[in-house]
2 protein chains.
Amino acid sequence: MDYTQLTGLLAAVLTTGANIPQTIKVIKTRSTKSLSAATYAMLFLGMVMWVLYGVIRKDIPVILANSVAGSLCGIILFMKLLALYRKRRNPNSN
Amino acid sequence: MDYTQLTGLLAAVLTTGANIPQTIKVIKTRSTKSLSAATYAMLFLGMVMWVLYGVIRKDIPVILANSVAGSLCGIILFMKLLALYRKRRNPNSN
């Protein structure tokens with residue numbers, strides 16, 4: 001593995017793994033107040049598109065990285081939408 | 001442009017643009033409570049690595065997408081670190 005591949009691999013691991021602490025934080029604290037629903041909706045949809053793109057191009061790293069990151073963003077999006085729904089039913093809750 | 005390129009372009013626009021509403025929300029509300037500092041530190045570092053990877057491979061789309069997204073994540077990270085610093089100096093603040 002040369003330096004270029006190593007740089008790309010490290011970049012992929014960082015940007016994919018970055019979603020882990022946010023997902024843990026949301027599940028632990030149930031706090032999604034500062035999170036943007038639009039951001040996570042776009043990230044989720046975008047990552048589904050990346051997986052599709054990877055499938056068309058038979059690019060395993062693109063499929064893997066975006067499947068993992070997309071699933072984590074999907075969890076965060078779900079928790080955010082759940083909080084928005086609950087807030088709508090009971091405006092005084094968090 | 002064929003369907004594959006279109007899928008990739010749409011994916012890139014979505015995952016890059018996704019950072020815009022979160023950045024606007026953080027700047028407007030100054031609320032970073034639910035955001036994970038580790039997530040934004042990893043995203044920022046990862047995107048710097050992606051830019052480096054793009055420069056080595058002379059891949060303009062990779063450079064552009066990650067410069068934009070990386071700058072936005074940098075702003076969010078800065079606001080989060082500022083909030084953590086302020087909280088440390090005054091534990092009763094938000």
Side-chain angles (χ1 to χ4, degrees), chain A residues 2-26 28-59 62 65-66 69-70 72-73 76-77 79-80 83 94, chain B residues 2-26 28-59 62 65-66 69-70 72-73 76-77 79-80 83 94:
Chain A
D2 62 16
Y3 280 113
T4 310
Q5 282 178 300
L6 199 68
T7 307
L9 184 71
L10 197 59
V13 168
L14 277 168
T15 50
T16 303
N19 296 288
I20 299 172
Q22 185 68 67
T23 309
I24 293 173
K25 182 163 186 156
V26 164
K28 265 193 180 167
T29 64
R30 308 271 151 167
S31 161
T32 59
K33 204 181 163 193
S34 333
L35 296 178
S36 159
T39 287
Y40 279 93
M42 285 169 82
L43 280 177
F44 180 69
L45 201 64
M47 283 164 186
V48 169
M49 301 287 296
W50 275 125
V51 171
L52 196 65
Y53 177 77
V55 168
I56 299 170
R57 294 196 47 163
K58 297 184 176 63
D59 187 331
V62 168
N66 286 287
L72 296 172
C73 287
I76 297 171
L77 178 63
M79 300 292 283
K80 175 69 189 183
N94 264 317
Chain B
D2 62 14
Y3 279 113
T4 310
Q5 282 178 299
L6 199 68
T7 307
L9 184 70
L10 197 58
V13 168
L14 277 168
T15 49
T16 303
N19 297 288
I20 298 172
Q22 185 67 69
T23 309
I24 292 173
K25 183 164 185 156
V26 165
K28 265 193 181 168
T29 64
R30 308 271 151 165
S31 161
T32 59
K33 205 182 163 190
S34 332
L35 297 178
S36 159
T39 288
Y40 280 93
M42 285 169 81
L43 281 177
F44 180 69
L45 201 64
M47 283 164 185
V48 169
M49 302 286 297
W50 275 125
V51 172
L52 196 65
Y53 178 76
V55 169
I56 298 170
R57 294 197 44 163
K58 296 185 176 59
D59 188 331
V62 168
N66 287 287
L72 296 172
C73 286
I76 297 170
L77 178 64
M79 300 292 283
K80 176 70 188 182
N94 264 320

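Lettering of chains follows the sequences in order, A, B, ..., and the numbering in each one begins at 1.
- In terms of non-hydrogen atom pairs under 4.5 Å with chain A, the most contact-rich of B:Gly46, B:Ser31, B:Gly17, B:Ser36 is B:Ser36.
- No side-chain donor-acceptor contact under 3.5 Å links A:Gln22 to the backbone of B:Ala38.
- No side-chain donor-acceptor contact under 3.5 Å links B:Thr7 to the backbone of A:Tyr53.
- Comparing A:Ala18, A:Gly8, A:Ala12 by how many heavy-atom pairs each has under 4.5 Å with chain B, the most go to A:Ala18.
- Both the backbone and the side chain of A:Leu45 come within contact range of chain B, each with at least one heavy atom under 4.5 Å from a heavy atom of that chain.
- The two residues B:Pro21 and A:Thr39 come nearest to each other via the heavy atoms CG-OG1, 3.3 Å.
- Scanning for side chain to side chain contact (heavy atoms under 4.5 Å, CB included) contacts around B:Met47 gives A:Thr15, B:Leu43, B:Asn66, B:Ala69, B:Cys73, with sequence neighbours left out.
- When heavy atoms are compared at a cutoff of 4.5 Å, A:Lys80 approaches chain B solely by way of its side chain, counted from C-beta outward.
- With a 4.5 Å cut-off on non-hydrogen atoms, A:Ala37 does not touch chain B at all.
- Closest non-hydrogen pair, A:Ala11 versus B:Met49, comes out as CB-CB, 3.6 Å.
- Without hydrogens or angle criteria, B:Lys25 side chain to A:Leu35 main chain gives a donor-acceptor distance under 3.5 Å.
- For a residue to count as touching a neighbouring chain, one of its non-hydrogen atoms must lie under 4.5 Å from one of that chain's; by this rule B:Thr29 does not touch chain A.
- Interatomic distance, A:Asn19 CG to B:Met42 CE, rounded to the nearest 0.5 Å: 8.5 Å.
- Atom CG of B:Leu52 is separated from atom OH of A:Tyr3 by 12.5 Å, given to the nearest 0.5 angstrom.
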